[in-house]
Each structure stands twice: as structure tokens, then as C-alpha cells.
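Accompanying notes for the structure given below.
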Amino acid sequence: MDQNVTTTPVTQVTATMDAFRKELTRRRVEAGLSKKALARRMSFDPSYVSHIESGRHRPTEDFARRADDVLGSGGRLWLLWREYDRSRHEAATGPAAPTSATAADPHSDLVVEREEASMRFDGRNYVMTIRRHLHNVGSKPVTLYWIKISSDDDSESALDWDTIDLQATCDGEPMDWRVAQDQPTVKQVWLQFRNGDYEFPLYPGERTWIEYSYTVAEGTWGHWFQRAIRLPTRYLSVRLRFPAHLEPRVWGTETSMTADGAPLAANPRVSHSSEGEVEWLWEVPQPQLNARYRLLWQFQTRAEPEPRSGRAVDRPDRTEPTDRSDHGGRSAVRRSALNRRRPAVVQ
């Protein structure tokens with residue numbers, strides 16, 4: 001007797017997990033890596049990789065992100081893991097209720113094929129411009145893109161929208177934006193793939209360039225600029241420009257799953273312009289997911305402020321600020337402290 005066959009939540013979990021582990025095995029073999037070699041690159045125990053490929057253990061989000069990054073799957077492994085995770089939750093609790101646009105994760109199926117970050121200091125303000133080439137590897141249109149601008153809690157003044165003057169475009173088309181969080185030291189924004197009544201979602205399989213820029217005063221920003229890799233990213237570049245008469249020094253560190261505050265793997269390239277500026281350009285092919293790359297600087301021609309009391313004051317050295325933003329922050333480290341820890345200074 002014929003009967004209709006339906007896919008139950010349990011069998012859907014098995015199917016999505018099988019899809020993930022088979023893709024993992026295929027890409028590992030194509031990369032010419034043994035399970036042990038892959039585990040070493042991902043900083044996992046070799047037995048765990050074996051258990052995932054055999055289906056004995058469930059893959060975690062951290063495992064999926066690292067595998068996607070190490071094997072260069074362009075977001076495919078991460079997408080398969082999300083399908084597995086979604087089916088697992090539905091099997092336990094039933095289909096998820098629809099979420100609002102602000103609660104949804106618009107980045108879940110995005111891959112950054114190229115990011116070009118630049119920062120220019122004119123002597124009073126820092127002007128940031130971020131360009132990203134996005135690829136929607138998911139199955140749904142992307143209509144929002146989240147960004148964050150922040151300073152340290154003890155910055156000299158609060159961030160304000162008039163100074164920030166946020167501008168955003170998608171392939172040259174202006175993008176509307178709305179505020180997600182508005183605090184003195186933190187501004188979070190949803191960039192919208194629309195302007196006025198015209199909408200231009202990023203559909204599955206499509207690619208596009210988005211660009212946004214903003215301005216932060218020197219006393220609010222500080223002397224470090226950081227990029228945090230929160231999406232699978234194929235290429236990153238950071239360009240810093242300063243007035244040459246300030247005699248800037250620039251150095252950097254990177255923090256990843258396996259290293260904490262190590263010097264940059266490669267020195268930035270330095271060049272001088274006819275406009276009296278000096279530029280540092282730093283490039284990273286295939287940056288690691290969840291890594292943080294930080295460039296710091298010091299102006300040698302700027303005098304230290306005099307103590308208010310007119311007497312010598314011993315001020316304790318400040319540690320580097322915590323990671324609050326992938327765009328930057330403020331560092332109040334004195335020059336004496338900077339000079340003591342500048343083994344990676346680039347002249």
C-alpha cells in the first residue's frame with residue numbers, strides 16, 4: 001500500500017547534520033588535509049574532528065566557523081551548520097515564531113569577499129571610510145546591515161550624530177539608516193538596503209559593494225583603529241593617513257583563536273604624498289574569523305599636557321582599552337608607556 005512520506009523534525013535534523021559533515025569531509029579531502037592536520041589548524045582535538053565526520057558528535061557554531069575559515073568554503077559550511085542548528089531547535093520546540101527585522105540576524109548568510117578600511121586624520125578629526133564587497137550565500141534576501149561606532153567610556157566627549165555625519169551607499173545608491181542604540185559612547189545603526197520608497201535587497205547569490213563613512217573628533221576617538229572579523233572574510237586592507245609634520249609612528253597587533261596580542265604578521269607599507277601626508281597600508285589575505293587586528297599610533301611632535309597643579313604628577317600607565325567596536329576607540333596611554341612597548345613600531 002502506498003503512503004505519503006513526510007519529513008519529520010527528527011529526520012530533518014539528521015539530514016542537515018549529514019549535509020554538514022559530508023561537506024566538511026569533502027572539503028578536507030580536497031584540501032589534502034588529514035583529520036589530524038585539520039584539527040591542528042582549527043585548534044581542536046583530532047578525535048573531535050573524527051567524531052564530527054562520523055556523526056557521533058554534534059558540530060558547534062565555533063567548530064563550523066573555524067572549519068569554514070580554515071577550509072575556505074566561502075560561508076558554505078557555516079550556512080549548512082545554521083540549517084542544522086535551526087532544524088535541531090525546531091525538533092525540540094517546534095517551528096520558530098517569525099522575528100522582527102530588528103531581532104533577526106541579517107548577517108547570517110553573508111560573506112565579505114573584500115573589505116577596504118581607511119582612516120584619515122586631518123589634525124582635528126578622524127574620518128573613517130569602510131568599503132565591503134558582500135556576497136549573499138544564503139536563501140533569503142538581505143535588507144539590513146548592522147554597524148557600530150564606539151569610544152571608550154572615559155573619552156573626553158560623547159559621540160554626537162552631527163559630528164559623526166554618517167553616510168552610506170550600496171553600489172552608489174544612497175542607503176537609509178535607523179538607530180539601533182544611542183548612547184554617549186556607543187552608536188549602533190541598521191543600514192537599510194533602501195532609500196525613500198525604493199528598495200534594493202541583496203538577493204541570494206548576488207554580490208554588491210556597500211560603503212559608509214563617518215567622522216569622530218580626536219578627543220573622542222583616540223590613537224588606535226581596530227578591525228574585528230565577525231563574518232567570513234576573504235581579504236582585508238587597512239589604510240591610515242596622517243599629516244607628516246606630526247611625525248607619526250604606527251605599529252600593530254593581532255589577536256586570534258591561537259594568539260593574543262601578537263605583532264602583525266607583516267609590516268604595513270609606508271608612503272608619502274605630495275599633500276604632506278604619510279600613509280600606512282596593511283593587507284591580510286584570508287583573515288581568520290573572530291580575529292581582531294589593531295593598529296596603534298603615536299605623534300612624536302605633540303607635547304604632553306602640563307599637570308594642572310603645576311607640580312610633577314606620576315600617572316599610572318593605562319592598559320590597552322577593551323574591544324568595544326570593530327571601528328576603533330580611544331587610548332589614553334601616555335607616550336612613556338608607548339615607548340616602552342613598541343617592539344613592532346613602523347617608522
Side-chain angles (χ1 to χ4, degrees), residues 2-96 99 104-114 133-142 202-207 229-235 256-258 285-291:
D2 294 335
Q3 64 181 45
N4 293 327
V5 178
T6 59
T7 301
T8 66
V10 175
T11 57
Q12 183 65 18
V13 171
T14 302
T16 53
M17 183 174 176
D18 285 347
F20 174 86
R21 65 184 186 83
K22 288 178 180 178
E23 183 71 7
L24 173 70
T25 303
R26 183 181 71 83
R27 290 187 176 271
R28 176 182 62 77
V29 172
E30 288 182 352
L33 297 174
S34 65
K35 295 176 185 177
K36 184 176 181 179
L38 176 61
R40 183 170 58 250
R41 295 191 184 189
M42 293 173 58
S43 299
F44 270 90
D45 188 273
S47 64
Y48 188 76
V49 174
S50 179
H51 290 326
I52 294 295
E53 290 195 6
S54 65
R56 291 190 296 272
H57 282 181
R58 300 183 311 189
T60 63
E61 180 178 6
D62 182 44
F63 180 89
R65 285 178 179 270
R66 295 198 203 187
D68 188 89
D69 184 56
V70 170
L71 294 174
S73 70
R76 177 62 179 166
L77 282 169
W78 187 21
L79 176 60
L80 289 173
W81 179 86
R82 286 183 61 85
E83 291 296 325
Y84 154 73
D85 190 57
R86 186 181 299 116
S87 64
R88 185 169 62 88
H89 281 291
E90 289 182 359
T93 62
T99 58
D105 179 7
H107 299 160
S108 58
D109 299 328
L110 284 177
V111 171
V112 179
E113 296 188 329
R114 187 179 183 91
H133 193 229
L134 304 178
H135 180 199
N136 184 353
V137 299
S139 58
K140 298 180 181 179
V142 173
L202 182 61
Y203 286 100
E206 290 187 343
R207 293 173 168 86
I229 308 302
R230 295 188 172 94
L231 294 173
T233 301
R234 305 280 79 88
Y235 168 88
S256 65
M257 296 286 191
T258 57
Q286 301 289 337
Q288 295 184 44
L289 197 62
N290 299 317

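The minimum heavy-atom distance between Arg234 and Val111, with the atom names listed, is NH1-CG1, 3.6 Å.
Glu83 and Arg86 are joined by a salt bridge, as a carboxylate oxygen and a charged side-chain nitrogen come within less than 4.0 angstrom of each other.
Applying the ring pair (Phe, Tyr, Trp, His ring centres under 6.0 Å) definition to pairs two or more places apart or across chains, those involving residues 22-47 are Phe44-Tyr48, Phe44-Phe63.
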Check the pair Asp85, Arg82 against side chain to side chain contact (heavy atoms under 4.5 Å, CB included), reporting the backbone distance first and the verdict last. CA-CA 5 Å; Asp85 190 57; Arg82 286 183 61 85; 5.6 Å; no
Evaluation steps, side chain to side chain donor-acceptor pair (under 3.5 Å), between Asp62 and Thr60: CA-CA 5 Å; Asp62 182 44; Thr60 63; 5.3 Å; no
Side chain to side chain contact (heavy atoms under 4.5 Å, CB included) between Val142 and Leu134: does it pass, once the steps are laid out? CA-CA 10 Å; Val142 173; Leu134 304 178; over 6 Å; no
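No side-chain heavy atom of Glu206 sits less than 4.5 Å from a side-chain heavy atom of Asn136. Looking at heavy atoms from C-beta onward, Arg76 lies in side-chain contact with Leu79 at the 4.5 angstrom threshold. A 4.5 Å side-chain heavy-atom check between Val137 and Trp78 finds every atom pair outside the cut-off. Under the 4.5 Å side-chain criterion, counting only non-hydrogen atoms from C-beta, Leu77 is in contact with Glu23.
Under the 3.5 Å distance criterion, the side-chain polar atoms of Asp69 are left unmatched by any main-chain donor or acceptor of Pro232. Side-chain atoms of Arg114 do not come within 3.5 Å of backbone N or O of His133 as any donor-acceptor pair.
For the side chain to side chain contact (heavy atoms under 4.5 Å, CB included) with Pro59, the lone residue among His51, Arg21, Met17 that qualifies is Met17.
Remark: the Thr25 side chain and the Glu53 side chain contain an N/O donor-acceptor pair separated by less than 3.5 Å.
Evaluation of the side chain to side chain contact (heavy atoms under 4.5 Å, CB included) rule for Lys140 yields no partner, not counting sequence neighbours.
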